[in-house]
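Just below is one structure, and these are the notes that go with it.
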Number of protein chains: 2
Amino acid sequence: MKAVGESSIRRLSLYLRFLDAEDARGRRTISSEALAALAGTTSAQVRKDLSQFGSFGIRGTGYDLPALRGRLREILGLERERRVVIVGAGKIGAALAQYPGFGDRGFRVVGVYDADPAKIGSRWGSVRVQSPTKLAADVKRLDAQIAVLAVPAGVAQTMLELLARAGVRAVLNFAPIPLAAPRGVIVQSVNMAQELEALSYALAHAPPTPVRRRRGRD
Amino acid sequence: MKAVGESSIRRLSLYLRFLDAEDARGRRTISSEALAALAGTTSAQVRKDLSQFGSFGIRGTGYDLPALRGRLREILGLERERRVVIVGAGKIGAALAQYPGFGDRGFRVVGVYDADPAKIGSRWGSVRVQSPTKLAADVKRLDAQIAVLAVPAGVAQTMLELLARAGVRAVLNFAPIPLAAPRGVIVQSVNMAQELEALSYALAHAPPTPVRRRRGRD
DNA sequence: CTCTGTGAACATCTTCACAGCT
DNA sequence: AGCTGTGAAGATGTTCACAGAG
């Protein structure tokens, strides 16, 4: 299998969401055109994305919806439950912990950590906030593969390294700085400051009359 | 001025963060190499990004730090305060409202709206949660240009249209679906489900031994 | 001699357009 | 006839490598 683009993967995740919805309402088949309309892209894009993983469409008809749905879940690795630890028990951590897209897709929060003694011990759903000193042991014991890093920028790199040593394999970072990924750890960052400033730039440079913008769809 | 790439803008925002920090510690000049190291990119990339807006570097020396900083603030439209309304008073809205990168960069929250009667009237910093029926009048009165859309997927498009009619010019969307941007409105989306599933994909496909990943930096 | 600014090469992503399966 | 799968073209983004300013 040749290298699959990052952007294709992001779209697969989106396609899956719509396949779930269409499947729920009983649709059995869907064309690249129809799926593209839902996901806000083009039919060619949908076909290219899917064809990277084989050809499971039916010419003249479209894609078998339940089959495609199953295949995407498999491709995205959503068939198995992923255990997640949240590091940083602030508002962002809280928002993610209760985000429906989290639990719905098999991501289970098994631990929450924060260095603030005032927060340690408080309940977050079914888990209690712990000290980060517990991380190393917990990650191993609970077999957590994913960590959400929602700590201040100044301690993010240190925490990332701690997580890496503990055995975490993938990290979703919300600290607004670039992190150097330790060997063997996949780091994905979400930087809200950047998003906001991209909007500010667009406002400053497109002002009097309209213009469009993207990321996800237009 | 020729079209500037989306990705350049995102990096400018990052560069500015580090320029702020270096300026604070008294540095007066910085080379593309040094800035690249901080921002996790290459010197060529830094120079390409900056050269799109003119040539304000000094050959043999680097860039005048305060000057560059001022120029970036100007380019990103951060010299003027931006008034922001938050639609959806859930956890995500709350996380953003208290996010330091928000206030620090001149984004001021002037209103919070939620359809849930139980939330209406509660205090969020200096503002009270209002009904979305107040949006149209408030956006005009407060001259809000940016909205943060943190509502459930099902009502996001409707709210976006309401915001557009109210006169909002830019929207940062957290609902996990693509939105059709009304004419004259810039929509930027952050989809955490996609980020998470991209990690899941990477875990499923890079497992036994290491591999890297990106977005913001590796 | 250092470090910028930039054309040219390269790589990646998107769109087009059509051959060929059903 | 309808719709997929895919090469080829086009667009966008990144890296290289060097001429030339300071």
Side-chain angles (χ1 to χ4, degrees), chain A residues 1-15 19 27-65 67-68 71-72 75 178 194 198 201 212-218, chain B residues 1-15 19 27-65 67-68 71-72 178 194 198 212-218:
Chain A
M1 188 177 293
K2 66 282 331 234
V4 177
E6 163 85 14
S7 29
S8 280
I9 300 304
R10 299 271 264 278
R11 280 188 301 267
L12 293 188
S13 158
L14 200 56
Y15 300 158
L19 292 178
R27 203 211 265 240
R28 305 286 325 180
T29 218
I30 192 166
S31 68
S32 59
E33 188 62 45
L35 184 50
L38 291 170
T41 183
T42 66
S43 61
Q45 184 77 82
V46 169
R47 294 196 302 275
K48 258 266 156 38
D49 287 339
L50 299 180
S51 72
Q52 292 174 99
F53 299 94
S55 49
F56 25 84
I58 308 148
R59 295 177 189 226
T61 306
Y63 297 85
D64 179 86
L65 202 154
L68 180 57
R71 192 77 183 78
L72 290 191
I75 290 166
Q194 279 183 328
Y201 171 84
R212 277 317 204 329
R213 233 356 206 327
R214 42 182 47 255
R215 171 105 148 74
R217 198 247 219 252
D218 71 1
Chain B
M1 187 179 293
K2 67 277 336 222
V4 177
E6 163 86 11
S7 29
S8 281
I9 300 305
R10 299 271 263 278
R11 280 188 301 266
L12 293 188
S13 159
L14 201 55
Y15 300 157
L19 293 178
R27 202 209 266 241
R28 306 284 325 177
T29 217
I30 192 165
S31 68
S32 58
E33 189 63 45
L35 185 49
L38 291 169
T41 181
T42 66
S43 62
Q45 183 79 82
V46 168
R47 294 197 302 275
K48 259 263 154 48
D49 287 340
L50 298 180
S51 72
Q52 292 176 98
F53 298 95
S55 49
F56 25 86
I58 306 148
R59 294 175 188 226
T61 306
Y63 297 85
D64 180 85
L65 202 154
L68 181 56
R71 191 76 184 82
L72 290 190
Q194 279 182 328
R212 278 317 201 331
R213 235 354 207 330
R214 39 185 44 255
R215 167 97 148 82
R217 196 245 219 257
D218 73 359

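Proteins come first, then strands; the chains are lettered A, B, ... in the order of their sequence lines, and each starts at number 1.
A sub-4.0 Å separation between OP1 or OP2 of C:dC3 and a side-chain N or O of B:Ser32 is absent. One finds a side-chain N or O of A:Tyr63 lying less than 4.0 angstrom from the OP1 or OP2 phosphate oxygen of D:dG5. Listed pair A:Arg11 / C:dT14 meets the phosphate criterion, a side-chain N or O lying under 4.0 Å from OP1 or OP2. For A:Ser7 and C:dT14, the shortest distance from a side-chain N or O to OP1 or OP2 is below 4.0 Å. Note on A:Gln45: a side-chain N or O is less than 4.0 Å away from OP1 or OP2 of C:dT15. Side-chain N/O atoms of A:Thr42 include one lying less than 4.0 angstrom from OP1 or OP2 on C:dT15.
As a whole-Å value, the separation of B:Leu65 CG from C:dC3 P is 15 Å. In this structure, B:Glu6 atom CD and D:dA11 atom C1' are separated by 15 Å, rounded to whole Å. Counting to the nearest Å, the P atom of C:dT22 and the CZ atom of A:Phe56 are 16 Å from each other. Following rounding to the nearest Å, A:Gln52 (CD) and D:dT4 (C1') show an atom-to-atom distance of 15 Å. As a whole-Å value, the separation of A:Leu68 CG from D:dT4 P is 11 Å. Between the CD1 atom of B:Ile30 and the P atom of C:dC3 there is a distance of 12 Å, rounded to whole Å. Distance, A:Asp49 CG to D:dT4 C1': 14 Å, rounded to whole Å. Rounded to an integer number of Å, the gap from CZ of A:Phe53 to P of D:dG5 is 13 Å.
Put simply, the side chain of B:Gln194 gets close to the backbone of A:Arg10: a donor and an acceptor are under 3.5 Å apart. Side chain of B:Thr29 to backbone of B:Tyr63: a donor-acceptor contact under 3.5 angstrom is found.
No donor-acceptor contact under 3.5 Å links the side chain of A:Lys48 to the base of D:dT6.
Within a 6.0 Å radius of CZ in A:Arg27, other residues, nucleotides and ligands contribute more than 12 heavy atoms.
Annotation: the span from B:Glu6 atom CD to B:Arg11 atom CZ amounts to 10.5 Å, rounded to 0.5 Å.
Put simply, the residue from A:Gln45, A:Lys48, A:Arg47 that forms a side chain to side chain donor-acceptor pair (under 3.5 Å) with A:Ser32 is A:Arg47.
Taking the nucleotide of DNA chain C with the nearest heavy atom to each of A:Arg47 and B:Arg59, the more 5' of the two is matched to B:Arg59.
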